[in-house]
Participant: 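Right, I'll just put the structure down here and ask away after.
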Amino acid sequence: MTNADLPPAHSSGPCSLTRFLIEEKRQGRINPDLRLLIEVVARACKTIAVHVGKGALGGVLGDAGTGNAASINVQGEAQKKLDVIANDVLLEANAWGGHLAACASEEMDEPFPIPDAYPRGNYLLLFDPLDGSSNIDVNVSVGTIFSVLVCPGDAQQVDTQSFLQPGTAQVAAGYCIYGPSTMLVLTIGHGTHAFTLDREQGSFVLTQRDMRVPEHTREFAINMSNQRHWEAPMQAYVQDLLAGSTGPRGKDFNMRWIASMVADVHRILTRGGIFIYPWDRKLGHARPDDNVDPTKAGKLRLMYEANPMSMLVEQAGGAATNGRERILDIVPTHLHQRLPVFLGSKAEVAEVTGCHRAHDAAMATQAAQA
Ligand code: AHG
Ligand code: MN
Ligand code: MN
């Protein structure tokens with residue numbers, strides 16, 4: 001534990017997630033339904049952790065689908081067995097509690113309304129059931145990301161449109177990382193807090209209250225193999241990072257890329273850094289402003305990857321943009337829309353966002369003069 005104030009001065013013993021949520025409720029920061037929702041998601045994550053932890057022994061590695069026919073999700077990506085298992089665990093756990101109107105997932109084309117057999121509540125849950133799928137078979141950290149919205153209007157009439165709310169409307173967001181230890185990182189809009197799974201007790205225990213992302217950093221996370229597909233301001237920004245102490249930035253930078261957003265963001269929440277998945281020509285558009293198809297405007301998904309991670313990072317004092325605007329302000333038009341993502345240490349996110357804006361301004365001036 002790193003916080004000197006853990007557990008709270010007026011209490012004794014470790015603070016479980018349950019106790020943390022009860023105390024938040026006493027502070028008037030959470031209502032019973034949202035509390036139940038978070039407990040249910042946490043319980044589902046524990047089940048997913050058990051599946052992930054079994055690895056080859058559980059027969060959970062490899063692709064979903066039968067024979068030679070791979071199972072393809074709405075993203076056009078081949079599903080792993082664990083993508084499907086994690087999705088089913090989250091749906092099953094959340095179906096009957098009476099706290100939700102519907103779920104939406106990376107692995108499902110359309111939202112999943114709570115079946116008529118159960119009462120419907122007022123919340124909407126979005127998730128990336130298994131993030132970092134390419135790492136499953138090589139025993140590297142993966143995770144689950146989730147976002148919670150309030151259902152606008154009648155829960156019986158819930159549809160895709162009900163989900164299309166900006167990230168600022170999220171009432172809770174979090175992820176669970178299945179790494180050397182399993183951790184749940186959570187925000188309900190009052191800071192970002194980390195809980196570590198005590199495997200013997202079976203409960204999440206608060207191990208860091210109020211995580212803080214350092215404002216400045218010397219570490220960036222990006223898949224450099226895509227460099228040739230980036231737009232001009234990204235090329236210029238990364239060139240300056242790579243130039244190190246003798247370049248315009250006047251300092252050396254280190255690089256990390258785990259290829260699990262959950263693991264990369266967890267490192268950034270812990271010790272700072274910037275996570276970047278920029279606009280990329282090979283994803284399907286000729287130019288970044290060629291905004292015809294929002295499902296091809298980047299690799300990462302707004303509603304269940306970028307929005308929850310942006311809320312967690314902002315709540316920890318960091319920043320998140322798509323290179324031009326704050327991610328949490330984006331009004332979605334598609335459930336599975338994609339976008340470029342820049343998040344982490346505030347000063348570094350400002351730097352790269354400034355590069356993109358300066359580039360746009362220069363292009364606009366050039367166009368006006370032509
Ligand atoms: P998912 O496994 O949910 O499809 O997400 C994968 C994402 C993200 O976790 C990671 O940052 C990124 O894809 C890695 O992309 P590359 O393989 O292109 O580096
Ligand atoms: Mn993902
Ligand atoms: Mn996924």
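All ligand and atom numbering here is 1-based and tracks the order in the structure.
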Participant: Donor-acceptor pair, distance only, cut-off 3.5 Å: does the side chain of Gln165 make one with the backbone of Val150?
Facilitator: yes
Participant: Would Ser260 count as being in polar contact with ligand 1, using the rule that some N or O on each side must be under 3.5 angstrom apart?
Facilitator: no
Participant: I need the nearest protein heavy-atom contact for atom 11 (O) of ligand 1: residue, atom name and distance, please.
Facilitator: Met261 N, 3.5 Å
Participant: Less than 6.0 angstrom separating the ring centers of His336 and Tyr304, yes or no?
Facilitator: yes
Participant: Would you indicate whether the side-chain heavy atoms of Ile72 and Glu77 approach each other to under 4.5 Å?
Facilitator: no
Participant: Give me the nearest non-hydrogen protein atom to atom 17 (O) of ligand 1 as residue plus atom name, then the distance to 0.1 Å.
Facilitator: Lys299 NZ, 3.7 Å
Participant: Can you report which non-hydrogen protein atom sits closest to atom 18 (O) of ligand 1, along with the distance?
Facilitator: Tyr277 OH, 2.6 Å
Participant: Heavy-atom pairs closer than 4.0 Å: do any link ligand 1 to the side chain of Tyr304, the backbone, both, or neither?
Facilitator: neither
Participant: Taking all heavy atoms of Leu91 and all of Cys103, pick out the closest pair and write down the distance.
Facilitator: CD2-CB, 3.9 Å
Participant: Please tell me whether Asp198 and Ser203 have a donor and an acceptor in their side chains that are separated by less than 3.5 angstrom.
Facilitator: no
Participant: Answer yes if the side chains of Asp131 and Ser260 hold a donor-acceptor pair under 3.5 Å, and no otherwise.
Facilitator: no
Participant: Any idea which N/O/S atom from Asp128 gets closest to the Mn ion (ligand 2)?
Facilitator: OD2
Participant: Are His99 and Asn94 close enough that a side-chain donor and a side-chain acceptor fall under 3.5 Å?
Facilitator: yes
Participant: Going by distance alone, is a donor N or O of one side chain under 3.5 Å from an acceptor N or O of the other, for Ser71 and Gln79?
Facilitator: yes
Participant: If you have a sec, work out which protein heavy atom is nearest atom 10 (C) of ligand 1 and how many Å separate them, to one decimal?
Facilitator: Ala259 O, 3.6 Å
Participant: Could you verify whether a donor N or O on one side chain and an acceptor N or O on the other, from Asn31 and Tyr123, lie under 3.5 Å apart?
Facilitator: yes
Participant: Would you check whether Asp264 has a nitrogen or oxygen atom less than 3.5 angstrom from a nitrogen or oxygen atom of ligand 1?
Facilitator: no
Participant: Does only the side chain of Asp131 get under 4.0 Å from ligand 1, or the backbone, or both, or neither? Count heavy atoms.
Facilitator: both
Participant: Classify the side-chain pair Tyr175/Asp128 by whether it contains a donor and acceptor separated by less than 3.5 Å.
Facilitator: no
Participant: Among the N, O or S atoms that Glu305 has, which is closest to the Mn ion (ligand 2)?
Facilitator: OE2
Participant: Name whichever N, O or S atom of Asp131 ends up nearest to the Mn ion (ligand 2).
Facilitator: OD1
Participant: Could you list which atoms of ligand 1 come closer than 4.0 Å to a heavy atom of Glu77?
Facilitator: 4 (O)
Participant: Applying a heavy-atom cut-off of 4.0 Å, say which part of Ser133 lies close to ligand 1: side chain, backbone, both or neither.
Facilitator: both
Participant: Does Val142 come within less than 4.0 angstrom of ligand 1, counting non-hydrogen atoms of the residue?
Facilitator: no
Participant: Is the distance between the Mn ion (ligand 2) and the nearest N/O/S atom of Glu106 smaller than 2.8 Å?
Facilitator: no
Participant: Can you tell me which portion of Arg301 lies within the under-4.0 Å heavy-atom range of ligand 1? Options are side chain, backbone, both, or neither.
Facilitator: side chain
Participant: Quick test: of every protein heavy atom, which one is nearest to atom 19 (O) of ligand 1, and how far off is it to 0.1 Å?
Facilitator: Asn223 ND2, 2.7 Å
Participant: Among the heavy atoms of Leu300, does any lie under 4.0 Å from an atom of ligand 1?
Facilitator: yes
Participant: If the cut-off is 2.8 Å, does any N/O/S atom of Leu130 fall short of it from the Mn ion (ligand 3)?
Facilitator: yes
Participant: For the pair Trp257 and Phe275, name the ring-plane relationship: parallel under 30°, tilted 30 to 60°, perpendicular over 60°.
Facilitator: parallel
Participant: Could you pull out the closest heavy-atom pair between Leu124 and Pro152, with the gap in Å?
Facilitator: CD1-CD, 4.3 Å
Participant: Can an N or O of Glu106 be found at a distance shorter than 3.5 Å from an N or O of ligand 1?
Facilitator: yes
Participant: I need the contact type for Asn226 against ligand 1. Using non-hydrogen atoms and a strict under-4.0 Å cut-off, is it side chain, backbone, both or neither?
Facilitator: neither
